[in-house]
> 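Let me begin by handing over the structure; questions about it come next.
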Number of protein chains: 2
Amino acid sequence: MAEFVYSFGDGSADGDGSMRVLLGGKGANLAEMTSIGLPVPPGFTLTTDVCKAFYANDRNYPEGLVEEVNAALKLLEERMGKGFGNAENPLLVSVRSGAPASMPGMMDTVLNLGLNDVTIQGVINQSQDPRFAYDSYRRFIQMYSNVVKGMDGNIMEHILEKKKEARGVEQDTDLTAEDLQQLVTDFKNSYRATLGEVFPDDPQEQLWGAIGAVFGSWMNPRAVTYRKLNAIPADWGTAVNVQGMVFGNMGNDCATGVAFTRDPATGANYFYGEYLVNAQGEDVVAGIRTPQPINRDNHQDSDLPSMEEVMPESYAQLDEIRLILEKHYKDMQDIEFTIEKGKLYMLQTRTGKRTAHAAIRVAVEIVQEGLIEEKEAVLRVNPDQLDQLLHPSLDPKAHKQVIAKGLPASPGAASGQVVFSADEAEEQSRLKRKVILVRIETSPEDIHGMHAAQGILTARGGMTSHAAVVARGMGKCCVAGCGDVKIDYEKQQFVTKSGQLIKRGEFITLDGSTGEVILGDIPKIQPEVSGDFATLMTWVDKYRRLKVRTNADTPRDSRVAREFGAEGIGLCRTEHMFFEGDRIQAVREMILADDLAGRKRALDKIMPMQKSDFIGLFREMKGLPVTIRLLDPPLHEFLPQTDDDVCELAHAVGIRFSEVKSHVEHLHEFNPMLGHRGCRLAITYPEVYDMQVRAIMEAACELIKNEGYEIVPEIMIPLIGHVNELKILRENAVEIAEAVIEEYGVKVDYLIGTMIELPRAALTADDIATQAEFFSFGTNDLTQTTYGLSRDDAGHFLPDYIERGVLEEDPFVALDQRGVGQLVKMGFELGRKTRPELKVGICGEHGGEPSSVEFCHRIGLDYVSCSPYRVPIARLAAAHAALKEE
Amino acid sequence: MAEFVYSFGDGSADGDGSMRVLLGGKGANLAEMTSIGLPVPPGFTLTTDVCKAFYANDRNYPEGLVEEVNAALKLLEERMGKGFGNAENPLLVSVRSGAPASMPGMMDTVLNLGLNDVTIQGVINQSQDPRFAYDSYRRFIQMYSNVVKGMDGNIMEHILEKKKEARGVEQDTDLTAEDLQQLVTDFKNSYRATLGEVFPDDPQEQLWGAIGAVFGSWMNPRAVTYRKLNAIPADWGTAVNVQGMVFGNMGNDCATGVAFTRDPATGANYFYGEYLVNAQGEDVVAGIRTPQPINRDNHQDSDLPSMEEVMPESYAQLDEIRLILEKHYKDMQDIEFTIEKGKLYMLQTRTGKRTAHAAIRVAVEIVQEGLIEEKEAVLRVNPDQLDQLLHPSLDPKAHKQVIAKGLPASPGAASGQVVFSADEAEEQSRLKRKVILVRIETSPEDIHGMHAAQGILTARGGMTSHAAVVARGMGKCCVAGCGDVKIDYEKQQFVTKSGQLIKRGEFITLDGSTGEVILGDIPKIQPEVSGDFATLMTWVDKYRRLKVRTNADTPRDSRVAREFGAEGIGLCRTEHMFFEGDRIQAVREMILADDLAGRKRALDKIMPMQKSDFIGLFREMKGLPVTIRLLDPPLHEFLPQTDDDVCELAHAVGIRFSEVKSHVEHLHEFNPMLGHRGCRLAITYPEVYDMQVRAIMEAACELIKNEGYEIVPEIMIPLIGHVNELKILRENAVEIAEAVIEEYGVKVDYLIGTMIELPRAALTADDIATQAEFFSFGTNDLTQTTYGLSRDDAGHFLPDYIERGVLEEDPFVALDQRGVGQLVKMGFELGRKTRPELKVGICGEHGGEPSSVEFCHRIGLDYVSCSPYRVPIARLAAAHAALKEE
């Protein structure tokens with residue numbers, strides 16, 4: 001058997017469908033279709049090994065390739081009953097690239113290769129159609145010069161237009177054989193004038209030219225970029241498929257078409273496709289002629305005759321092939337076919353791309369049809385796709401003028417009038433106006449405005465900036481870090497990079513799944529969760545091992561998350577409660593207090609409110625675990641920053657302006673991320689955590705005592721770097737907790753644990769586990785410290801890093817398994833070494849990202865926790881991880 | 001042999017000098033002295049195991065202890081020929097604590113234990129001196145009530161004062177036996193009134209009371225704090241020494257004294273000490289009577305008769321013992337002795353504390369005397385002590401009023417008039433005035449003022465803040481992070497916590513070794529490096545393996561470092577060059593430029609200046625390796641921050657104010673430490689590093705070509721987090737370097753390497769080593785990221801952490817071996833796995849801290865690099881590390 005070239009045809013093939021890596025997707029499927037008896041024009045595939053050897057060997061082909069190609073060509077000639085370059089009965093071929101993964105940016109297709117001034121006569125004689133022959137010839141020259149030689153396609157298009165003008169016709173089809181013959185000459189002249197060489201007449205030279213162009217295109221800048229963006233290794237290489245030509249354009253008994261074996265938009269089980277009579281494949285896609293439906297099941301709006309009506313026999317055969325393919329591949333297929341003189345040929349089959357809705361419906365139905373197992377169905381649905389299902393999306397048919405682009409920080413689509421402050425957002429929303437809140441960045445003080453707005457647009461901050469995190473938690477559309485817009489609060493307007501001016505009150509639309517900012521109010525499609533979704537999710541839950549919790553700070557968020565299947569709260573950020581309503585006042589009093597007594601007085605005001613928050617959460621999550629993180633952010637986040645606001649606060653609490661101002665300045669930090677926050681605050685001011693622990697324990701005791709709940713509160717102490725910190729704070733917490741339990745006289749278990757969010761905590765997790773009953777990896781902060789990368793500042797350069805492939809992925813989106821992941825694994829293993837029963841999860845934003853969820857499964861964590869709207873994604877990803885392991 | 005009690009006396013002892021851990025320092029030395037035949041009053045030691053058992057067993061003594069003590073007591077009675085509690089011939093004992101390490105804060109000494117109203121008669125009969133007997137009795141009650149029972153010492157002192165008043169005398173010695181007998185009664189009454197119990201008459205009860213007090217004092221808050229501060233493990237425990245009393249106060253043939261076998265201040269080899277006739281040990285220390293010199297070799301200023309003159313026989317015996325002890329212990333000793341009725345007793349010997357000067361002189365001379373080997377001498381000198389030698393220090397005799405305390409950021413002492421700006425510092429210094437620069441914090445813009453000032457005081461920032469690092473580099477005194485002072489630039493004054501107001505122009509003094517800020521201009525002692533120092537350092541260099549380089553940015557610093565023995569530059573921070581003279585203008589032009597062309601124009605101006613900097617450095621370090629770090633800080637550090645300064649800059653470069661302002665704002669970062677800096681800048685603006693690499697290589701090529709130097713420049717790329725960053729920047733650098741080499745037509749080797757200063761870099765060091773020829777661990781930044789701790793902000797809470805023992809040491813001072821060190825080790829091992837010949841060093845501030853240097857030696861690094869003035873310390877620490885390994 002040949003080493004580099006795999007032939008197929010006449011019902012037998014050297015390769016098969018499993019050899020995608022060697023033969024590319026297209027080549028493998030052509031071999032497979034041939035083997036199972038489908039009508040495929042014969043041909044052969046140069047393997048990806050040739051491509052690898054080509055680049056390993058300074059762009060030279062491996063030894064023996066020419067001989068193997070010649071042998072395969074000979075076999076092809078035999079199978080087609082034609083001769084390559086033969087004057088009487090010429091073999092024409094197509095040359096196509098075919099990589100293991102779909103690869104836009106590479107050389108695509110050259111048809112009709114083998115034509116020259118000699119073989120054209122054979123085609124004329126055989127087809128008895130000089131017009132068809134010259135049309136094929138001029139198309140070949142066009143394609144070859146453009147696709148193989150990189151000549152600007154407009155040059156020949158222009159000559160074609162001139163010719164039509166000269167002949168006074170409008171359509172290509174109106175040109176005569178003579179016109180087309182003349183065009184062949186004109187094209188060849190143009191080729192010579194532009195490229196400085198004569199158009200190759202020798203079919204062998206044409207063939208090797210096309211093969212070389214395919215391999216060369218593997219390193220096209222566009223292909224290189226695409227691979228980087230899609231994490232496709234450069235050393236995979238591409239294959240080349242050489243196949244005998246069949247023609248859909250030799251007359252009215254010829255046709256060509258594309259079809260899906262089910263509806264790719266809805267997943268409905270009917271044959272869905274389009275075809276054109278007397279046309280080559282490119283015509284269907286090009287949109288010059290309006291394609292006709294293949295049957296009446298779809299395209300109800302088309303009054304063109306369907307293939308079922310026009311070519312009933314071929315249609316019947318195609319419909320039969322449709323069933324064979326689905327049975328064989330056990331999935332919905334995307335196919336290309338050609339009918340030459342009434343004979344049907346299959347040119348391609350591949351797994352059909354589909355919407356999330358369709359993916360779920362097809363997966364579920366195909367199980368019900370007995371074609372695949374549940375497990376397989378679960379694996380068929382891409383977790384990332386689920387996002388589409390859970391948020392409104394822009395109507396793809398709507399025209400949209402994109403005026404800026406930022407980070408797709410929180411999915412969904414939203415339109416509204418632009419406002420520039422949280423207060424105004426709230427005000428307008430009370431007047432039932434829809435608004436988009438536009439801020440340079442958001443802070444916890446903007447939460448009420450974010451609630452009120454339809455969507456949020458920020459000029460600064462990354463995928464885990466405040467705006468992004470909070471918006472995702474709310475399930476609200478957000479475009480963040482949109483450096484394209486310059487916001488002027490004073491003038492109440494923003495200007496885009498391209499100079500578009502948007503004033504307060506103007507309508508804009510955000511697409512949180514793409515990061516696009518669009519002018520005006522664009523129509524949207526509302527999400528709809530089907531019964532198939534519910535079916536699929538029951539299978540998902542059957543096969544996953546990893547638990548999925550949610551990050552939720554309010555009863556409302558908790559309810560949403562439970563509906564999405566959350567199995568507990570993995571992270572409740574208590575500081576969010578500090579901002580609500582009139583609490584912020586008491587919080588500020590506490591911060592401004594001069595002494596312990598003053599702080600305690602202020603904390604006494606906050607305590608009942610925190611307690612009622614926790615009662616609400618515990619009620620909502622009845623019976624499920626709830627992890628509550630004690631105060632984390634630095635104190636200055638709670639104080640106003642502008643002089644006006646400072647003045648107002650001074651007035652409100654009855655302290656001199658200068659004193660408040662001095663407090664604010666004293667709390668200023670150069671690197672607040674690395675400053676006086678988390679447990680460090682509690683070492684300095686233990687009374688804060690004391691209050692919080694009391695509120696948690698009183699809430700739990702009250703529900704247990706009065707309502708018979710089962711609650712095991714999990715108290716989480718953040719930002720531990722050294723075991724001594726946790727030791728001290730744990731002792732304090734236990735003392736308070738036991739006191740409360742004694743006061744209420746009930747039995748209640750509780751756990752005390754910590755976030756692992758500093759490299760040192762992971763490195764010394766064996767020490768830390770002596771003081772912790774659970775670990776929760778805070779991978780947001782852990783990524784910041786491990787990478788030395790501030791998520792709030794990374795916007796200055798990180799997008800450029802990703803674009804240029806310095807980093808393959810934003811480490812705040814997908815967990816950096818090589819670096820940060822190494823610490824997670826180390827921390828987990830060290831922790832379990834000390835305490836085998838240690839509960840371990842992760843609560844960073846990564847908890848809802850599929851590749852990160854898979855990582856967490858693989859290393860053996862107990863659960864992931866993510867924002868409510870990502871819970872289904874995490875569940876599906878967890879099931880994928882478990883099933884892939886099998 | 002007994003398990004818990006070790007006896008000594010009559011020339012034999014159960015223990016010996018090597019059993020310091022079990023017997024405590026004092027007990028071990030008493031045993032040792034007894035064994036070698038010195039006259040030591042007999043006694044016994046309760047081991048530290050008793051203390052451990054005591055705390056392990058809820059403050060109960062281990063079984064059998066009482067029996068063992070009784071047996072030891074019996075032996076002691078035999079050896080002393082007296083009976084404990086015996087009316088005729090009573091045995092009196094002293095009880096002293098004695099831990100393995102010196103431990104202030106613990107119970108110290110109770111003398112004369114065993115006295116009561118019965119045994120006093122025996123003492124009177126034997127001594128024939130009722131005054132002595134009652135004086136001993138009242139002292140015993142005073143000590144017992146205060147030391148054992150914790151009664152306020154002032155109460156009995158007050159009674160004593162009253163008695164003297166009543167008797168119309170001034171001195172204790174003027175009181176008669178009757179007065180003292182009365183005092184005994186008064187003291188006992190006061191004891192009962194204060195403590196609510198009767199003073200114990202039973203000698204056994206007294207003994208167990210004292211023993212219990214010693215063990216109890218192990219957990220005194222003061223002792224606990226001291227242990228934490230000095231990293232002494234709590235589980236070491238203390239021993240208790242019970243020893244037969246001998247009396248220096250039984251008449252004029254009695255005396256007591258303390259002495260050093262050599263002068264502890266200078267190390268000169270003569271007998272140095274003080275004594276008092278007819279006195280107990282405490283009198284020598286208490287300062288009530290003026291002690292007399294033991295000989296005329298020292299205390300030239302004293303006209304009191306010396307022991308050599310007054311008690312020539314005892315002195316001769318003591319002088320002989322001095323030689324025996326030095327020969328035996330092979331080191332300078334600190335001894336206590338008592339002469340009872342003409343008979344000499346040794347009460348204590350221990351290694352004598354000494355100044356740095358003395359330490360070096362003693363070590364060197366003792367080698368020359370043939371007592372110890374060079375290696376031992378090297379180990380005798382504490383690396384930390386060397387700091388004293390290299391900087392001026394405050395005259396210890398001067399009176400000083402400390403007005404505030406900050407961090408001892410850079411050692412030495414300095415006085416000057418207070419100024420509040422770098423410009424004024426420079427101006428005043430030009431007028432030959434000495435100034436102290438006082439700033440809230442310093443930035444690179446203050447460098448010229450820091451140069452001009454005698455010392456620097458900052459209100460914010462830690463041990464590795466800008467002020468601290470730069471000051472240490474300059475060898476200039478600095479007190480940093482002094483939160484005690486509130487600085488008001490407007491009013492040109494500062495106020496201390498205690499309310500002291502210091503205006504511009506007033507004199508203050510800084511002690512950079514203690515962190516004290518002192519009012520006025522305090523006299524100083526200038527440093528002096530002796531020949532002994534040079535001798536010691538040649539031995540040091542013989543035994544160390546680790547190389548010591550320096551962190552230096554200027555030829556001047558480099559020269560200092562070479563004089564101190566630096567073997568190359570481990571870190572040259574090129575950005576410091578960016579601030580000098582007129583360069584800052586060009587740097588700002590570069591930052592403000594709109595496009596590449598503009599940036600290149602500005603860089604072209606900087607390039608010749610950088611090149612001449614490098615030529616200067618290479619010349620100074622002729623033949624030694626020089627590691628140059630390319631630009632590291634974020635760009636905003638080079639721009640002015642106040643509106644006034646922005647305005648000035650706008651004017652200077654001819655750009656509109658608003659534009660400069662907007663640039664400054666655009667560059668603002670929330671966490672600059674984790675922001676757009678280091679290699680990240682070079683990925684965005686490769687032209688900056690291109691310029692720097694060209695300057696380095698041209699400098700090297702020029703010196704090689706024109707002056708025949710041998711130079712292998714080491715180009716260091718900072719802040720690498722991912723190998724791809726280094727790959728890109730390495731390729732750029734190689735391209736430039738090769739081009740320069742070709743231009744000059746010379747042969748030159750160069751290395752390209754990186755800082756390992758992010759956890760991710762350490763975790764993926766095997767990847768990174770594929771692109772690096774050397775690693776230098778930047779442990780300052782690595783500590784910040786590993787701990788999630790900003791050194792600029794840590795001042796808010798880190799001092800409190802250390803004080804309370806949450807952390808044992810400031811991780812910015814001593815490398816955190818458990819956490820950060822783990823990453824250093826991992827990075828080193830992974831790097832060497834990929835590239836066995838990888839050069840590896842550290843260039844953080846830790847490179848000059850002894851425990852960190854030892855760590856670097858232990859894990860196998862090639863070199864450490866530290867500020868010039870710490871080079872000798874690092875050399876000595878490196879030798880210690882190597883010798884300890886043997």
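Each chain gets a letter, A, B and so on, in the order the sequences are listed, and its residues count up from 1.
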> Relative to chain B, which segment of A/Glu669 carries a heavy atom at a distance below 4.5 Å: side chain, backbone, both, or neither?
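Both backbone and side chain.
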> Is it the side chain or the backbone of A/Ile728 that comes within 4.5 Å of chain B heavy atoms, both, or neither?
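Only the side chain of A/Ile728 comes within 4.5 Å of chain B.
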> Which region of A/Asp767, side chain (C-beta onward) or backbone (N, CA, C, O), has a non-hydrogen atom less than 4.5 Å from a non-hydrogen atom of chain B, or is it both or neither?
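Both backbone and side chain.
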> Could you give the distance from CD (A/Gln822) to CE (B/Met826), rounded to the nearest 0.5 Å?
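Between A/Gln822 CD and B/Met826 CE, I get 6.5 Å after rounding to 0.5 Å.
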> Return the option, out of A/His666, A/Arg460, A/Glu757, A/Lys727, with the maximum number of heavy-atom pairs under 4.5 Å with chain B.
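Heavy-atom pairs under 4.5 Å are most numerous for A/His666.
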> Do you know the tightest heavy-atom contact between B/Thr785 and A/Gly788?
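Reported closest heavy-atom pair: CG2-CA, 4.1 Å.
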> Quick check on A/Lys486 against chain B: is it the side chain, the backbone, both or neither that has a heavy atom closer than 4.5 Å?
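Only the side chain of A/Lys486 comes within 4.5 Å of chain B.
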> Can you spot which of A/Asp816, A/Thr783, A/Thr786 makes a side-chain hydrogen bond (donor to acceptor under 3.5 Å, both in side chains) with B/Arg760?
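In the set A/Asp816, A/Thr783, A/Thr786, the residue that makes a side-chain hydrogen bond (donor to acceptor under 3.5 Å, both in side chains) with B/Arg760 is A/Asp816.
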> Is a side-chain donor or acceptor of A/His722 paired with a backbone partner of B/Tyr787 at a separation under 3.5 angstrom?
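Between the backbone of B/Tyr787 and the side chain of A/His722 there is no qualifying donor-acceptor contact (under 3.5 Å).
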> Going by the angle between their ring planes, with limits at 30° and 60°, are B/Phe797 and A/His676 parallel, tilted or perpendicular?
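The rings of B/Phe797 and A/His676 lie parallel, inter-plane angle below 30°.
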> Taking C-beta and beyond as the side chain, do B/Glu808 and A/Asn724 meet within less than 4.5 Å on heavy atoms?
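The answer is no; the side chains never approach within 4.5 Å.
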> So do A/Asp793 and B/Leu674 actually touch side chain to side chain, heavy atoms under 4.5 Å?
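No; the side chains remain at least 4.5 Å from each other.
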> Write down the atom of B/Phe670, the atom of A/Pro672, and the distance for their closest heavy-atom approach.
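Here B/Phe670 and A/Pro672 meet closest at O-CD, 3.2 Å.
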> Side chains of B/Arg804 and A/Ile683: closer than 4.5 Å at any heavy-atom pair?
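Side-chain contact under 4.5 Å: yes.
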> Is chain B contacted by the side chain of A/Arg677, its backbone, both, or neither, given a heavy-atom distance below 4.5 Å?
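For A/Arg677, neither part sits under 4.5 Å from chain B.
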> Taking all non-hydrogen atoms of both residues into account, name the closest pair between A/His668 and B/His796 and its distance.
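Nearest heavy atoms, A/His668 then B/His796: O-NE2, 3.9 Å.
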> Among B/Val820, B/Val806, B/Asp800, B/Leu719, single out the residue with the greatest number of heavy-atom pairs under 4.5 Å to chain A.
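Ranked by heavy-atom pairs under 4.5 Å with chain A, first place is B/Val806.
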> Using a 6.0 Å cut-off, check whether atom NZ of A/Lys661 has over 12 heavy atoms from anything other than its own residue.
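Yes, enclosed.
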> Taking all non-hydrogen atoms of both residues into account, name the closest pair between B/Ser790 and A/Asn671 and its distance.
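Here B/Ser790 and A/Asn671 meet closest at OG-ND2, 3.5 Å.
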> What closest approach, in Å, do B/Thr764 and A/Arg818 show between heavy atoms, and which atom pair accounts for it?
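Heavy atoms of B/Thr764 and A/Arg818 come nearest at CG2-CG, 3.7 Å.
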> Measure A/Glu441 against the heavy atoms of chain B and call it side chain, backbone, both or neither at under 4.5 Å.
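Answer is side chain: those atoms of A/Glu441 sit under 4.5 Å from chain B.
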> Rounded at 0.5 Å granularity, tell me how far OH in B/Tyr801 sits from CZ in A/Arg680.
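It is 6.0 Å, given to the nearest 0.5 Å.
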